[in-house]
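Report on one structure; see the data block that follows.
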Amino acid sequence: MNRGKYTIIITGGAGFIGSHLVRRFVRMYPDYRIINLDSLTYAGNLANLTDVASAPNYHFVKGNICDFALVQKVFADFKVDAVIHLAAESHVDRSITDPFTFAQTNVMGTLCLLHAAKEFWNGREEDHLFYHVSTDEVYGSLADSGFFTENTPYDPHSPYSASKASSDHFVRAYRDTYALPVVLSNCSNNYGPFQFPEKLIPLFINNIKHGKPLPVYGNGQNVRDWLYVEDHAQAIDLIFHKGKRGDTYNIGGCNEWKNIDLIRLLIEITDRQLGREAGCSEGLISYVADRAGHDLRYAIDASKLKSALGWKPSCCFEEGVERTVRWYLENEEWLRQVTSGAYQEYYMKMYGDK
Ligand code: NAD
Ligand code: TYD
């Protein structure tokens, strides 16, 4: 999009990646009006955004993306020019126990947003953009070699990845059927501050700190490609402004780690930062039953994004993990809030039942 006085809905802006993206856009683009549309599930937390909450170009709307009437009203009230859609149920383990919620939010919620955008932008598509943020998990699982490209066929295995794959298909269907101006990106595993402590990295840092077992699924040989969350936000910014309409871009860290190697690194860094004896938390490693349908390996080929738009990650992994461990160790209060339910009370006190 060419820079102007845009009004942009960022959905899921109170979540992990969304909060980094909202912060970036609010600070870097004072002429844009940023509407954070988020229903504040257990994973959404306004404490992730206290530093930008009172910025004049930032507005928070508490609402469910599955509520079509509400989404229509947000488009009309704010005269929305663009959407960057991140709101989702995002944790694979939860999708295994509660697949319906994943279909509802990730598929029906995306459909509500697409349809509201189509209705509101009707006939004026050229000035608008619907950016859909997706995951590399839609491509399925790799063996020991090879990479996911934008042309890899979809082969999702978990209810989470199936729901994200379905949402991607709906986005492309709206592009092809209604000429909705869309762009998509599929990113590898993110890490960094403000991630809910159910995902591997924040969960394990917290457990190491408190001397709790580290539940390694299966044999720990599964591989993930890790990217620092601010580098994902920077890639979204670039694709939003310069990406080709209708296209898809893969985003990845070019940074593959076997789970067990990553866990040993987390132990080494966390023990060191806590001033403990080297390796003293190794004994916390506890092999447990494997996750059902556990994908062996994810690895992204991000060469299209690099060659077409000049993107490259800014943060090297060792530095990013040092920074991330330090952040979780120094932000005990944030961890306590997001895990204790006290945040819900805080919200009711601050905003009432809105
Ligand atoms: P998250 O779980 O931390 O945050 C999700 C946010 O969406 C929360 O603020 C939550 O309150 C909100 N939300 C959930 N359901 C909603 C609903 N029905 N209506 C309105 N808001 C709702 O997720 P995340 O890790 O920040 O992921 C954001 C997006 O990026 C997701 O679409 C995810 O699929 C994608 N993604 C994540 C990763 C990763 O490693 N975390 C990697 C690639 C892509
Ligand atoms: P996770 O952070 O849930 O991300 P994803 O499943 O979307 O890649 O998990 C990352 C890897 O760590 C994955 O292979 C599953 C594994 N894992 C464990 O071994 N133990 C755990 O307690 C968790 C949460 C994940």
Side-chain angles (χ1 to χ4, degrees), residues 9-22 36-46 48-49 61-67 70-71 84-96 101-102 104-106 108-110 112-113 132-138 141 157-158 160-161 163-165 167-168 185-192 194-204 207 213-227 229 232-233 236 250-253 257-260 262-263 285-291 293-298 300 338:
I9 299 179
I10 297 182
T11 70
F16 167 47
I17 301 168
S19 62
H20 288 273
L21 189 71
V22 164
N36 173 12
L37 173 60
D38 196 301
S39 63
L40 300 183
T41 67
Y42 77 95
N45 190 337
L46 290 180
N48 297 355
L49 287 166
V61 176
K62 183 171 189 262
N64 191 326
I65 55 166
C66 302
D67 180 344
L70 176 135
V71 173
I84 309 180
H85 174 35
L86 294 95
E89 290 292 337
S90 67
H91 188 40
V92 173
D93 292 331
R94 287 180 189 254
S95 82
I96 295 169
T101 302
F102 281 69
Q104 181 65 21
T105 295
N106 298 357
M108 292 307 293
T110 301
C112 281
L113 287 162
H132 181 60
V133 175
S134 193
T135 167
D136 60 355
E137 303 193 25
V138 299
S141 183
H157 298 137
S158 72
Y160 165 64
S161 52
S163 66
K164 291 296 291 187
S167 68
D168 293 9
S185 57
N186 295 77
C187 188
S188 63
N189 287 58
N190 285 212
Y191 72 98
F194 299 113
Q195 187 169 32
F196 194 81
E198 62 185 355
K199 305 272 170 66
L200 181 76
I201 289 183
L203 178 73
F204 277 38
N207 285 11
L214 306 174
V216 182
Y217 297 158
N219 58 12
Q221 297 299 302
N222 304 67
V223 173
R224 297 292 183 264
D225 171 2
W226 293 94
L227 179 69
V229 61
H232 187 188
I236 293 173
N250 278 356
I251 309 170
W257 283 78
K258 275 189 185 151
N259 288 344
I260 192 63
L262 172 56
I263 290 161
I285 291 176
S286 159
Y287 289 92
V288 299
D290 207 356
R291 171 189 276 173
H294 197 175
D295 288 330
L296 177 66
R297 175 170 168 258
Y298 303 144
I300 279 277
V338 301

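Both ligands and their constituent atoms are indexed starting at 1 by order of listing.
- Not a single heavy atom of Thr11 sits closer than 4.0 Å to an atom of ligand 1.
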Every pair of nitrogen or oxygen atoms between ligand 2 and the protein that is under 3.5 angstrom apart - can you list them with their distances to 0.1 Å?
from     : atom 1 : to     : atom 2 : distance (Å)
ligand 2 : 2 (O)  : Leu200 : N      : 2.9
ligand 2 : 3 (O)  : Arg291 : NH2    : 3.0
ligand 2 : 4 (O)  : Asn189 : ND2    : 3.4
ligand 2 : 6 (O)  : Arg291 : NH1    : 2.5
ligand 2 : 6 (O)  : Arg291 : NH2    : 3.4
ligand 2 : 7 (O)  : Glu137 : OE2    : 2.6
ligand 2 : 8 (O)  : Asn189 : ND2    : 2.9
ligand 2 : 8 (O)  : Arg224 : NE     : 2.7
ligand 2 : 12 (O) : Asn259 : ND2    : 3.4
ligand 2 : 14 (O) : Arg224 : NH2    : 3.3
ligand 2 : 14 (O) : Asn259 : ND2    : 2.9
ligand 2 : 14 (O) : His294 : NE2    : 2.7
ligand 2 : 19 (O) : Tyr217 : N      : 2.9
ligand 2 : 20 (N) : Pro215 : O      : 2.7
ligand 2 : 22 (O) : Pro215 : O      : 3.4

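- Of the protein's non-hydrogen atoms, the one nearest atom 42 (C) of ligand 1 is Ser188 O, 3.3 Å.
- The N/O atoms of Tyr160, backbone and side chain alike, include one that comes under 3.5 Å of an N/O atom in ligand 1.
- At the top of the distance list for atom 44 (C) of ligand 1, counting protein heavy atoms only, stands Ser134 O, 3.1 Å.
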Could you please spell out the steps behind the side chain to side chain donor-acceptor pair (under 3.5 Å) verdict for Ser90 and Lys164?
CA-CA 9 Å; Ser90 67; Lys164 291 296 291 187; over 6 Å; no

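- For the pair Gly13 and ligand 1, no heavy-atom separation below 4.0 Å is found.
- Contact annotation: for Gln104 versus ligand 1, there are no heavy atoms closer than 4.0 Å.
- An N or O contact shorter than 3.5 Å links Lys164 to ligand 1 by distance.
- In terms of protein heavy-atom proximity, atom 3 (O) of ligand 1 is closest to Phe16 N, 3.1 Å.
- The aromatic ring centres of Phe194 and His20 sit less than 6.0 Å apart.
- Remark: Tyr191 engages Tyr228, Phe317 in a ring pair (Phe, Tyr, Trp, His ring centres under 6.0 Å) (not counting sequence neighbours).
- The shortest N or O to N or O distance between His85 and ligand 1 is not under 3.5 Å.
- Here's the thing with Asn190: one of its N/O atoms is less than 3.5 angstrom from an N/O atom of ligand 1.
- Among the atoms of Ser39, some N or O lies under 3.5 angstrom from an N or O of ligand 1.
- When heavy-atom distances to ligand 1 are checked against a 4.0 Å cut-off, Asn106 has no atom that comes that close, whether in backbone or side chain.
- With Asp38, Ile251, Leu46 as candidates, the residue nearest to atom 8 (C) of ligand 1 on a non-hydrogen basis is Asp38.
- Side-chain contact check for Val288 versus Val216: every heavy-atom pair is 4.5 Å or farther apart.
- Annotation: atom 10 (C) of ligand 1 to nearest protein heavy atom, Thr41 OG1, 3.3 Å.
- Where the criterion is an N or O separation shorter than 3.5 Å, residue side chain and backbone included, Leu37 fails it with respect to ligand 1.
- Between His85 and His132, the ring-plane angle classifies as tilted under the 30° and 60° cut-offs.
- With distances taken over non-hydrogen atoms, the option nearest atom 38 (C) of ligand 1 out of Val61, Ile17, Thr135, Leu86 is Ile17.
- Remark: distances from the non-hydrogen atoms of Gly63 to ligand 1 include one below 4.0 Å.
- Given atom 19 (N) of ligand 1, the protein heavy atom at minimum distance is Ile65 N, 3.0 Å.
- Annotation: Cys187 places no N or O atom under 3.5 Å from an N or O atom of ligand 1; distance criterion only.
- Among all protein heavy atoms, the one lying closest to atom 5 (C) of ligand 1 is Ala88 O, 3.4 Å.
- Salt bridge Arg291/Asp93: present, at least one basic N to carboxylate O contact under 4.0 Å.
- An N or O contact shorter than 3.5 Å links Asn64 to ligand 1 by distance.
- Residue Gly109 places every heavy atom at 4.0 Å or more from ligand 1.
- Of the residues Arg297, His294, Lys258, the one that meets the side chain to side chain donor-acceptor pair (under 3.5 Å) test with Asn222 is His294.
- Closest protein heavy atom to atom 4 (O) of ligand 1: Gly15 CA, 3.5 Å.
- Close N/O approach between Ser90 and ligand 1 is found [any backbone or side-chain N/O within under 3.5 Å].
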